[in-house]
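Notes follow once the structure below has been shown.
Every number for a ligand or one of its atoms is a count from 1 in the order of the listing. FYI, side chains are in, hydrogens and waters are out, and symmetry mates aren't considered; it's all heavy atoms of this structure.
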Amino acid sequence: MMRAMLGFPHVRLRRLRATPALRALVRETTLSPSQLILPLFFNEAIDAPRPIESMPGVSQLPVSMAAEVARQASKRGIGGVILFGLPKTKDAKGSSACDPNGPVCRAVASMKEATADLIVMTDVCVDEYTDHGHCGVLHQTRRGLEVDNDATVNILSQMAVLHARAGADIIAPSDMMDGRVGAIRTALDGEGFTQTIIMSYAVKYASSFYGPFREAADCAPQFGDRAGYQMDPANAREALREAALDENEGADILMVKPALSYLDVIAKVRASSALPLAAYSVSGEYAMLEAAARAGMIVRERAILEVLTSIKRAGADMILTYHAIEAAEWLNA
Ligand code: PBG
């Protein structure tokens, strides 16, 4: 007789779905503002916000607005901000990336001065600072011009130390060079920044969903693509190798990027590592949601919260999203 008890009509899953209170009681995944991270673009060459056409609602900001944005983010209770810089000058070596008075260092310093509690992260990569738009310095190989891994790692280590000195709580290398997490950890520790956290863009795919970001950060590669250093979207086992290497090199937090087309990868990395896991819902994901909402094809707020919930359900502890402030307002309402 036990057998009959296992199915319908004894079992009715709709019982637990009958009211909002019941649904809340059995909800498995919840979103909290404290786990949302807002990406920000600081442009050294502007005095007022400059809207990014491919990302309606997002603007490049002047460094002079950093303190105000920090106070706003802190008031909303979001988990942090991550800073990208647009310098006035670019060259082949990305020299302006190592300028202690560059837009990221200045914005970090004024944000930390404005708010004690807000977690400030910086993206560490030279693509915004190179005139060719690649994530490292180039060298000639038999195959042609390629990004020179080890020379790039040196620059990234210097950048990381500058950001830490400016006050960054978390350094987030996004370049996909081999060995950069270990090198950055050594450089930070050598300068006394033993408490500076490394959030590694450990699993970063060569994705078409970065399209709008390249306008936002003015960093589209001038030739070729990033497939020689970013991961092939077809690979999931390789993600576990990337994650394990970065964990061994001393990463404190791992990241999978993009998020929405890689929910399986988020789930796999979650299962294979005990480290906190971030997922980056990238510019193309933002643009798709905004475009569909503008066309009246989806209900904006519901769709955005559904996407964020899916990313958490897949296993991310925290989400980098351009919707962080608005989502936090909805969640706090
Ligand atoms: C590289 C970097 C990129 C993004 C974050 N860091 C662009 C790229 O690799 O081409 C993409 C973020 C987004 O699309 O929202 N510095």
Lys312/Asp317 ion pair, N-O < 4.0 Å: no

salt_bridge(Glu329, Arg76) N-O dist < 4.0 Å: yes

Atoms in ligand 1 flagged as close to Tyr322, the criterion being non-hydrogen separation under 4.0 Å: 12 (C), 13 (C), 15 (O)

Carboxylate-amine/guanidinium contact Glu249 Arg185, below 4.0 Å: no

Per-atom contacts of ligand 1 with Ser174, taking only distances under 4.0 Å to non-hydrogen atoms: 1 (C), 2 (C), 6 (N), 16 (N)

Contacting atoms of ligand 1, where contact means under 4.0 angstrom from a heavy atom of Asp123: 6 (N), 16 (N)

Side-chain donor/acceptor of Glu215 to backbone N/O of Ser54, under 3.5 Å: yes

Protein contact of atom 16 (N) of ligand 1 - nearest heavy atom, named by residue and atom, plus distance: Asp127 OD1, 2.9 Å

Proximal atoms of ligand 1 relative to Arg214 (non-hydrogen, under 4.0 Å): 8 (C), 10 (O)

Atoms of ligand 1 close to Tyr280 [distance to a heavy atom under 4.0 angstrom, numbered from 1]: 12 (C), 15 (O)

Arg300/Glu326 salt bridge by N-O under 4.0 Å criterion: yes

Heavy-atom nearest neighbour in the protein, as seen from atom 8 (C) of ligand 1, with distance rounded to 0.1 Å: Arg226 NE, 3.5 Å

Atom 12 (C) of ligand 1: the protein heavy-atom neighbour that sits closest, reported with distance to 0.1 Å: Phe213 CD1, 3.2 Å

Identity and distance of the protein heavy atom lying nearest atom 14 (O) of ligand 1: Ser283 OG, 2.7 Å

Among Met55, His134, Met176, Lys204, closest by any non-hydrogen atom to atom 9 (O) of ligand 1: Lys204

Atom of Val137, atom of Thr152 and distance for their closest heavy-atom approach: N-OG1, 3.1 Å

Short N-O contact, Arg302 and Glu306, less than 4.0 angstrom: no

Considering all heavy atoms, the nearest Asp99-Cys105 contact: O-SG, 4.2 Å

Part of Val282 with heavy atoms under 4.0 Å of ligand 1, whether side chain, backbone, both or neither: both

salt_bridge(Asp175, Lys204) N-O dist < 4.0 Å: no

Those atoms of ligand 1 less than 4.0 Å from some heavy atom in Glu128: 16 (N)

Shortest non-hydrogen contact between Tyr205 and Ala236, atoms and distance: OH-CA, 4.2 Å

Region of Tyr286 that comes within reach of ligand 1 [heavy atoms, distance under 4.0 Å]: neither

Ligand-side contact atoms (ligand 1) for residue partner Lys257, heavy atom cut-off under 4.0 Å: 2 (C), 3 (C), 4 (C), 5 (C), 6 (N), 11 (C), 12 (C)

Per-atom contacts, ligand 1 versus Gln230 - under 4.0 Å to a heavy atom: 8 (C), 9 (O)

